[in-house]
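Have a look at the structure below before the remarks.
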2 protein chains.
Amino acid sequence: MTDIYRAIADPIRRKILHMVARAECTQSDIVAAFSISQPAIKKHLAILQEEQLLLERKQGKYCYYRLNTPVYQHEFSQLQRELGLVLEKKLAGLKHFLEEEQ
Amino acid sequence: MTDIYRAIADPIRRKILHMVARAECTQSDIVAAFSISQPAIKKHLAILQEEQLLLERKQGKYCYYRLNTPVYQHEFSQLQRELGLVLEKKLAGLKHFLEEEQ
DNA sequence: CAATCATATAACCATATGGTTATATATTAT
DNA sequence: ATAATATATAACCATATGGTTATATGATTG
């Protein structure tokens with residue numbers, strides 16, 4: 001079940017997400033954009049796919065990747081909510097502290 | 001230099017962030033809140049500290065942890081921006097596509 | 001059909017992660 | 001002083017991560 005935290009843990013995977021959001025890319029487009037080997041890129045793509053953030057379309061010898069936008073959008077807003085709550089809790093604590101101080 | 005992506009990659013560390021945001025906690029408070037060993041918790045705390053998200057205060061036999069709020073706030077907004085850009089790029093692509101279609 | 005290009009996969013390696021148990025040390029309470 | 005509690009650390013283990021090279025397969029081009 002989509003662990004976006006795992007997906008985004010690596011900076012190369014984050015850059016891949018940017019690439020495939022901007023436009024559909026072939027695997028070799030992606031390989032060309034980095035200075036690591038094709039199998040290494042493949043593994044990153046596999047992780048992004050395991051986490052459902054990537055869709056692929058196979059055409060001839062090419063494999064096109066694009067963002068799975070609905071999933072990304074959903075997972076991103078969940079993440080924002082989860083991490084945003086941390087700050088809200090902090091604020092609530094400060095508020096409480098100030099109100100006790102009257 | 002603070003890799004928030006590493007810090008938040010594990011669900012236990014995310015829960016710890018919530019705990020220490022809500023209130024200052026001792027290490028044993030945190031240990032009590034999970035079903036893993038004290039050394040395992042200690043390692044999670046060490047990672048959160050390496051990434052500058054946690055401040056500690058030592059008092060007698062207790063070690064109090066609290067959120068490093070400014071750093072968390074800053075890193076969280078950077079993260080939001082970076083991951084939000086992915087969606088913006090997607091939207092820009094769709095917009096461009098529609099405008100070509102007139 | 002042969003060469004080339006894109007992708008897939010196997011085998012390997014080093015390091016990181018996430019956990020354990022056992023034990024040491026320091027502080028506090030009885 | 002002893003016992004109990006809180007924390008720290010060492011040693012170990014299994015698995016995951018992030019990379020490599022070498023090679024196979026499949027599609028396209030000359």
Side-chain angles (χ1 to χ4, degrees), chain A residues 1-20 23-68 75 79 82-83, chain B residues 1-20 23-68 75 79 82-83:
Chain A
M1 275 298 68
T2 306
D3 179 359
I4 196 181
Y5 296 96
R6 176 186 181 220
I8 65 174
D10 188 277
I12 290 185
R13 287 198 292 275
R14 295 196 295 274
K15 283 180 207 144
I16 291 176
L17 288 175
H18 279 88
M19 285 190 73
V20 299
E24 217 180 29
C25 302
T26 67
Q27 187 180 304
S28 43
D29 290 339
I30 299 169
V31 170
F34 299 91
S35 46
I36 61 176
S37 67
Q38 177 258 325
I41 290 292
K42 186 72 205 308
K43 286 191 194 177
H44 285 302
L45 291 171
I47 287 176
L48 289 171
Q49 272 189 302
E50 265 182 64
E51 303 308 342
Q52 331 263 295
L53 295 174
L54 233 50
L55 295 171
E56 74 170 46
R57 178 173 64 89
K58 213 148 257 176
Q59 186 186 340
K61 69 175 168 181
Y62 297 100
C63 189
Y64 289 92
Y65 292 95
R66 64 184 189 284
L67 185 69
N68 190 343
E75 294 300 317
L79 171 150
E82 181 174 5
L83 300 185
Chain B
M1 276 303 68
T2 304
D3 179 359
I4 194 180
Y5 296 96
R6 177 186 180 220
I8 66 176
D10 187 276
I12 290 184
R13 286 198 292 275
R14 295 196 296 274
K15 282 180 209 143
I16 291 175
L17 288 174
H18 278 88
M19 285 190 74
V20 299
E24 216 181 28
C25 301
T26 67
Q27 187 181 303
S28 43
D29 289 340
I30 298 169
V31 170
F34 298 92
S35 47
I36 62 176
S37 66
Q38 175 258 326
I41 291 292
K42 185 74 205 305
K43 285 192 194 177
H44 285 302
L45 291 171
I47 288 176
L48 290 171
Q49 273 189 302
E50 265 183 64
E51 303 309 341
Q52 332 263 295
L53 295 174
L54 232 49
L55 296 172
E56 73 170 46
R57 177 172 66 89
K58 212 148 260 177
Q59 186 186 341
K61 70 176 167 181
Y62 297 100
C63 189
Y64 289 92
Y65 292 95
R66 64 184 189 282
L67 185 69
N68 190 342
E75 294 300 316
L79 171 150
E82 180 174 6
L83 300 185

Q: Identify, residue by residue, the members of residues 3-14 of chain B with a heavy atom below 4.0 Å from DNA chain C, and return them in order of residue number, or none.
A: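 Those residues are B:Arg6, B:Asp10, B:Ile12, B:Arg13.
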Q | Nucleic acid contacts - residues 56-64 of chain B versus DNA chain C, non-hydrogen atoms under 4.0 Å | A |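 By residue number: B:Gly60, B:Lys61.
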Q) Between B:Glu51 and B:Ile4, is there a donor-acceptor pair closer than 3.5 Å when you use the side chain of the first and the backbone of the second? A)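 Answer holds: no.
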For the [atom1] atom of [X] and the [atom2] atom of [Y], what is their distance to the nearest 0.5 Å?
| X | Y | atom1 | atom2 | answer |
| --- | --- | --- | --- | --- |
| A:Ser28 | A:Gln38 | OG | CD | 9.0 Å |
| B:Ile12 | B:Ile47 | CD1 | CD1 | 11.0 Å |
| B:Asp10 | B:Lys43 | CG | NZ | 12.5 Å |

Q. So which of residues 28-40 of chain A are in contact with DNA chain D, with a heavy-atom cut-off of under 4.0 Å?
A.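 A:Ile36, A:Ser37, A:Pro39, A:Ala40, in order of number.
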What's the shortest heavy-atom distance between [X] and [Y], and which atoms?
| X | Y | value |
| --- | --- | --- |
| B:Cys25 | B:Asp29 | CA-OD2, 3.6 Å |
| A:Gln49 | A:Glu56 | NE2-OE1, 3.0 Å |
| A:Ala9 | A:Arg14 | O-NH1, 3.6 Å |
| B:Ala7 | B:Arg13 | O-NE, 2.9 Å |

Q: Could you pull out all residues at least two apart from A:Tyr64 that satisfy side chain to side chain contact (heavy atoms under 4.5 Å, CB included)?
A: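 Result, side chain to side chain contact (heavy atoms under 4.5 Å, CB included) vs A:Tyr64: A:Glu24, A:Thr26, A:Arg57, A:Gln59, A:Tyr62.
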**Q.** Counterpart residues, side chain to side chain contact (heavy atoms under 4.5 Å, CB included), relative to B:Leu55 (two or more places apart)
**A.**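 B:Arg66, B:Asn68.
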Q: Evaluate side-chain contact (heavy atoms from CB on, under 4.5 Å) for A:Ile8 paired with A:Leu17, printing each intermediate quantity in order.
A: CA-CA 9 Å; A:Ile8 65 174; A:Leu17 288 175; 4.3 Å; yes
Q.
For B:Glu75 and B:Gln52: C-alpha separation, side-chain torsions, deciding distance, then whether side-chain contact (heavy atoms from CB on, under 4.5 Å) applies.
A. CA-CA 10 Å; B:Glu75 294 300 316; B:Gln52 332 263 295; over 6 Å; no
**Q.** Outermost DNA chain D nucleotides near chain A [under 4.0 Å, heavy atoms]
**A.**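 Going 5' to 3' along DNA chain D, contacts run D:dT17 to D:dT28.
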